[in-house]
Amino acid sequence: MEEINLSIKTEGYRKIDNNIFNLDNKILNEFELIYNEKKYSNNGHENTSIINNINDLKNFPYVNKLFRKILDLVKYNKISNIEFEDIWFVKSVESIYEPKKLPYVPHIDKVRKFKAMIYLNNVTLDDGPLYMTKINPNLYEDFRKNLKPDYKIKQENVVKNINLSSYKPLIGKLGTTIFFDTNTPHFAGKLSSEKSLRKIIRINFKFKKKSLLERLKKKLF
Ligand SMILES: [Fe+2]
């Protein structure tokens with residue numbers, strides 16, 4: 001399992017079907033505990049709980065196990081220019097879906113991150129699957145760097161130069177995992193009915209800023 005090539009650098013994302021981490025009811029129970037705990041849900045984001053401190057994972061052995069396995073995969077792929085940021089536990093439902101608004105329109109993130117999104121339920125076309133297009137994420141680096149501080153209000157990070165038909169809905173059963181660089185254009189799909197649900201754990205890493213030395217090297221050679 002640790003020998004999966006994530007090919008993030010050239011293709012921007014990798015979806016792994018099948019429940020490779022063998023997730024079962026035990027992690028679903030932990031998800032509910034974390035989702036309902038005020039300490040984690042009090043964060044200003046709708047339907048979302050966030051764990052910022054890795055030490056808290058000792059209270060949640062199954063989430064911890066999943067986290068360690070993701071780290072093993074990152075290590076195997078020699079993705080060393082990232083650092084842990086936080087873990088999100090999200091239940092997306094129809095009532096929070098807003099067409100034409102981020103994150104439901106193609107975009108890249110202002111802060112470049114590497115994310116591992118794990119589906120905790122069977123996500124069909126009606127459950128707002130993540131949509132992505134295979135592209136070298138570095139192609140969007142200039143676009144991202146030129147975003148103004150008020151980019152959010154103007155939705156400046158919306159990507160308009162790719163046809164919608166080029167995006168693939170990443171549907172999948174419980175345990176399906178998607179690794180992606182947020183510089184790869186992506187969006188969350190439509191939640192089309194009251195029954196729609198996308199329950200996920202998302203482990204977020206920040207790309208480290210290059211050191212002064214590295215930046216100088218790049219300029220000189
Ligand atoms: Fe995004």
Side-chain angles (χ1 to χ4, degrees), residues 6-9 11-16 43-52 70 74 79 81-94 96-120 123 125 127-172 176-191 196-209:
L6 299 178
S7 45
I8 294 294
K9 281 180 187 146
E11 301 191 322
Y13 80 90
R14 173 77 203 267
K15 173 183 173 226
I16 303 166
N43 54 47
H45 295 275
E46 262 180 323
N47 293 21
T48 301
S49 278
I50 301 174
I51 289 184
N52 297 297
I70 299 274
V74 166
I79 307 172
N81 55 336
I82 55 170
E83 56 197 348
F84 171 77
E85 189 171 39
D86 52 18
I87 308 179
W88 287 41
F89 303 78
V90 188
K91 280 186 195 177
S92 296
V93 290
E94 189 201 18
I96 61 169
Y97 171 66
E98 288 190 78
K100 293 188 182 155
K101 273 204 172 168
L102 290 166
Y104 303 102
V105 284
H107 68 279
I108 60 159
D109 295 6
K110 162 87 169 136
V111 179
R112 190 170 177 179
K113 290 182 193 176
F114 174 75
K115 300 182 177 180
M117 183 187 280
I118 304 110
Y119 290 161
L120 287 197
V123 175
L125 269 182
D127 299 309
L130 182 66
Y131 280 70
M132 299 218 63
T133 183
K134 279 208 162 127
I135 199 164
N136 183 327
N138 280 326
L139 289 175
Y140 281 85
E141 195 56 356
D142 284 340
F143 175 70
R144 185 183 72 80
K145 283 187 172 158
N146 287 322
L147 292 172
K148 314 246 163 42
D150 63 347
Y151 79 98
K152 224 172 201 169
I153 314 158
K154 296 179 180 162
Q155 299 212 134
E156 250 183 34
N157 58 329
V158 168
V159 171
K160 293 173 180 156
N161 65 345
I162 297 178
N163 211 302
L164 264 188
S165 59
S166 306
Y167 292 86
K168 212 175 154 195
L170 305 183
I171 55 171
T176 297
T177 302
I178 302 148
F179 291 87
F180 67 106
D181 177 333
T182 61
N183 247 37
T184 316
H186 60 280
F187 64 97
K190 182 180 180 182
L191 294 125
S196 300
L197 172 68
R198 188 185 69 174
K199 190 158 68 169
I200 59 139
I201 294 179
R202 203 180 63 226
I203 301 171
N204 301 317
F205 301 87
K206 254 191 309 210
F207 278 94
K208 284 185 203 159
K209 287 223 167 74

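Whatever order the structure lists them in is the order used to number ligands and atoms, beginning at 1. From a predicted model like this one, the values you see are computed outputs, not experimental measurements.
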S.K.: According to the interplanar angle, ranging from 0 to 90°, do the rings of Phe187 and Tyr167 count as parallel (below 30°), tilted (30 to 60°) or perpendicular (above 60°)?
M.R.: perpendicular

S.K.: What pairs meet the salt bridge (Lys or Arg N to Asp or Glu O under 4.0 Å) rule with one or both residues in residues 151-163, with sequence neighbours excluded?
M.R.: Asp150-Lys154

S.K.: Have a look around the Fe ion (ligand 1) and list protein N/O/S atoms under 2.8 Å, or say none.
M.R.: His107 NE2, Asp109 OD1, His186 NE2

S.K.: Taking all non-hydrogen atoms of both residues into account, name the closest pair between His186 and Thr182 and its distance.
M.R.: CE1-O, 3.5 Å

S.K.: Write out all pairs satisfying ring-ring contact (aromatic ring centres under 6.0 Å, His included) with one or both partners inside residues 132-163, taking only residues at least two apart or from two chains.
M.R.: none

S.K.: With sequence neighbours excluded, what pairs up with Lys9 under the side chain to side chain contact (heavy atoms under 4.5 Å, CB included) test?
M.R.: none

S.K.: Mark yes when over 12 heavy atoms from residues, nucleotides or ligands other than Lys110 sit less than 6.0 Å from its NZ; otherwise mark no.
M.R.: yes

